[in-house]
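Right, one structure below, let's go through it.
For ligands, and for the atoms within them, numbers begin at 1 and follow the listed sequence. Here the structure is a predicted model, which is why all the values come from computation and not from measurement.
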Amino acid sequence: MSTALIFGGSGKVARHLTTKLVASSYTVHSIIRKESQIPELEALGSKPIVQSIEDSSVNDLTATIKKYSPNVVIWSAGAGGGSPERTKAVDHEGAVKVFDATAAAGVKRFVIVSAVDIRDRENKPAPEWYIPDDTAVSDRMWGAIGVYCQAKLAADRDLVTQNDRRKLDYTIVRPGSLNTDRGSGTVAAGKVHLGKSISREDVAEVIVRCIEDPSTIGLAFDVVGGDTPISEAVKEVGSKKIDTFAGRY
Ligand SMILES: NC(=O)c1ccc[n+]([C@@H]2O[C@H](COP(=O)([O-])OP(=O)(O)OC[C@H]3O[C@@H](n4cnc5c(N)ncnc54)[C@H](OP(=O)(O)O)[C@@H]3O)[C@@H](O)[C@H]2O)c1
């Protein structure tokens with residue numbers, strides 16, 4: 001039986017992911033911040049662990065990961081548009097601590113939820129498939145939540161550029177804006193246009209597919225609402241080695 005450990009385990013994507021992994025006979029451990037969330041997580045079949053990412057050192061996080069010895073670690077945490085300080089402490093520094101802790105604990109497989117259009121907009125060319133509508137979405141996103149985008153960029157850049165040292169088998173899933181619709185089972189993945197939102201349940205299914213598809217290791221890809229069955233969309237990204245972050249950090 002496989003074991004997964006989810007940082008941000010009480011989050012909305014993570015809850016869908018928990019349900020799906022439990023249904024696939026995974027043991028799921030969820031890192032959460034609030035004891036009050038324990039019953040809800042247990043009801044989903046998870047084994048919650050109360051530990052704040054912000055308040056934990058790399059050594060603390062390494063000890064937790066070692067203790068539960070998961071086959072895969074998933075990052076689906078986020079400060080959720082809190083203060084700039086919390087955004088940096090969770091979305092950037094918290095993520096980097098977890099990259100280091102995962103590597104130190106000897107776990108290889110790592111899936112992180114990032115976001116579409118996370119890139120170095122100042123120094124690198126815009127994606128060549130962007131049309132004016134994409135540029136408009138990008139301008140709005142970076143104008144509204146630039147601190148969050150910078151924190152995500154710093155984390156993803158660290159994950160990719162420091163991987164010679166950490167040697168994680170990572171996949172970076174980059175969803176568009178998230179909605180709470182029921183999962184449709186279909187998405188558009190890879191080099192996509194930015195306008196369409198995606199349901200959190202579909203993002204969770206994309207993560208499950210990535211965990212089970214080693215061809216996605218080392219890739220970062222965008223995913224938004226669309227018409228391609230999720231397993232097919234993820235398989236295509238993996239087989240064509242589509243990476244939407246490469247060359248843009
Ligand atoms: N919102 C969007 O449109 C959008 C778009 C693209 C990507 N994303 C990314 O997608 C991911 C999942 O999104 P979501 O909607 O599921 O987010 P969410 O519901 O806000 O979940 C994030 C979780 O992170 C937890 N967290 C925050 N700080 C923590 C800490 N110090 N220690 C432990 N846990 C902590 C939160 O715990 P509490 O419950 O205790 O607050 C929350 O449960 C996030 O990484 C987000 O940045 C979001």
Side-chain angles (χ1 to χ4, degrees), residues 5-20 29-41 44 46 48-58 60-61 64-65 73-83 85-99 101 110-119 137-138 140-142 144-156 159 171-181 183 187 189 192 194-207 210 220-225 244-245:
L5 191 150
I6 308 176
F7 285 90
S10 57
K12 295 180 277 299
V13 168
R15 287 174 191 238
H16 285 294
L17 179 62
T18 301
T19 302
K20 287 173 183 292
H29 297 284
S30 312
I31 306 284
I32 61 173
R33 287 191 298 170
K34 299 172 187 142
E35 279 190 20
S36 60
Q37 291 167 335
I38 289 175
E40 298 160 36
L41 271 292
L44 298 178
S46 159
I49 301 153
V50 178
Q51 180 171 22
S52 170
I53 300 164
E54 276 157 287
D55 301 334
S56 300
S57 67
V58 173
D60 298 334
L61 295 164
T64 300
I65 299 171
V73 170
I74 299 114
W75 173 275
S76 191
S83 67
E85 292 73 27
R86 272 210 71 224
T87 298
K88 189 165 184 246
V90 178
D91 296 82
H92 172 197
E93 293 163 355
V96 171
K97 283 192 286 185
V98 168
F99 306 157
F110 187 83
V111 180
I112 181 169
V113 184
S114 181
V116 287
D117 202 49
I118 295 303
R119 60 190 171 96
V137 172
S138 175
R140 273 203 303 277
M141 177 173 148
W142 282 80
I145 50 168
V147 171
Y148 165 80
C149 294
Q150 290 291 1
K152 286 293 222 189
L153 171 60
D156 293 356
L159 178 58
T171 304
I172 304 177
V173 176
R174 297 162 42 102
S177 98
L178 304 176
N179 66 50
T180 51
D181 295 350
V187 296
V192 301
L194 300 183
K196 274 197 180 162
S197 68
I198 178 168
S199 94
R200 286 176 167 87
E201 190 176 354
D202 285 333
V203 173
E205 184 63 28
V206 169
I207 297 169
C210 287
F221 67 93
D222 297 5
V223 60
V224 297
T244 53
F245 190 48

Hey, does [X] sit under 4.0 Å from ligand 1 if you only count heavy atoms?
X      : result
Gly94  : no
Ser197 : no
Tyr148 : yes
Arg15  : no
Gly8   : yes
Lys152 : yes

Give the numbers and elements of all ligand 1 atoms closer than 4.0 Å to a heavy atom of [X].
X      : result
Pro175 : 6 (C), 7 (C)
Glu54  : 30 (C), 31 (N)
Gln37  : 39 (O), 40 (O)

Considering both backbone and side-chain atoms of [X], is one of its nitrogen or oxygen atoms within less than 3.5 Å of a nitrogen or oxygen in ligand 1?
X      : value
Leu178 : yes
Ala77  : yes
Val13  : yes
Ser177 : no

Of the non-hydrogen atoms in Ala101 and Val58, which two are nearest, and what is the gap between them?
->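 Minimum heavy-atom separation between Ala101 and Val58: CB-O, 3.8 Å.
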Nearest non-hydrogen protein atom, atom 17 (O) of ligand 1 =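 Checked against all protein heavy atoms, atom 17 (O) of ligand 1 sits closest to Lys12 N, 4.5 Å.
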Got the closest protein heavy atom to atom 1 (N) of ligand 1, with its distance?
->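 In this structure, atom 1 (N) of ligand 1 has Arg200 NH2, 3.7 Å as its nearest protein heavy atom.
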Given that the side chain starts at C-beta and the backbone is N, CA, C, O, which of these parts of Ser114 lies under 4.0 Å from ligand 1, counting heavy atoms, or is it both or neither?
->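 Backbone only; the side chain of Ser114 stays clear of ligand 1.
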